Amino acid sequence: MTLLIKLAAWSQRTPERQARPDESRARLMIRIGTERSEIWEWYNDLSENQRIVQVRDRIRRLSSIE
């Protein structure tokens, strides 16, 4: 939860524009209770932006704990 707050993961930062050929969006949906928020980034920008990547990596680490 701390990482989500640090990243303001509920806040869309990538501006809307027309997709380029063969370009796709990566999406992150967060649900807490009945509240839901979804953000997206262009897939090619994931490494540069590091928001969705950090959340994905944290989830992977948490899910590998047995």
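Just so it is clear, the values below take in all heavy atoms, side chains as well, and ignore hydrogens, waters and symmetry mates. Being a predicted model, the structure only gives us computed values, none of them experimental.
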Could you state the interatomic distance from NZ (Lys6) to CZ (Arg51), rounded to the nearest 0.5 Å?
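CZ of Arg51 is found 12.0 Å from NZ of Lys6.
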Output the distance between atom CD (Glu41) and atom CG (Leu46), rounded to the nearest 0.5 Å.
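So the CD of Glu41 and the CG of Leu46 are separated by 5.5 Å.
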So do [Y] and [X] actually touch side chain to side chain, heavy atoms under 4.5 Å?
X: Trp40; Y: Thr14; answer: yes
X: Arg20; Y: Trp42; answer: no
X: Val55; Y: Asp57; answer: no
X: Gln54; Y: Leu7; answer: yes

Look only at the side chain of [X] and the backbone of [Y], and say whether a donor-acceptor pair between them is shorter than 3.5 Å.
X: Ser11; Y: Ala8; value: no
X: Gln50; Y: Ser47; value: yes
X: Arg27; Y: Ile39; value: no

Please determine whether a side-chain nitrogen of the Lys or Arg among Glu16 and Arg25 lies less than 4.0 Å from a carboxylate oxygen of the Asp or Glu.
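Looking at Glu16 and Arg25, the cut-off is met.
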Side-chain ion pair, Arg31 and Glu38, N-O less than 4.0 Å:
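Salt bridge absent between Arg31 and Glu38.
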Same cluster (ILVMFWY, side-chain, under 4.5 Å), Ile5 and Ile52
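Yes, Ile5 and Ile52 fall within the same hydrophobic cluster.
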Is it possible for you to say whether Ile32 and Ile59 belong to one hydrophobic cluster, with membership spreading through side-chain heavy-atom contacts below 4.5 Å?
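Looking at the clustering, Ile59 is in the same group as Ile32.
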After noting the C-alpha distance and the side-chain angles of Leu4 and Thr2, does the key distance pass the side-chain contact (heavy atoms from CB on, under 4.5 Å) rule?
CA-CA 5 Å; Leu4 298 177; Thr2 304; over 6 Å; no
Could you check Gln18 against Glu23 for side-chain contact (heavy atoms from CB on, under 4.5 Å), going step by step and ending with a plain yes or no?
CA-CA 10 Å; Gln18 189 69 18; Glu23 189 174 44; over 6 Å; no
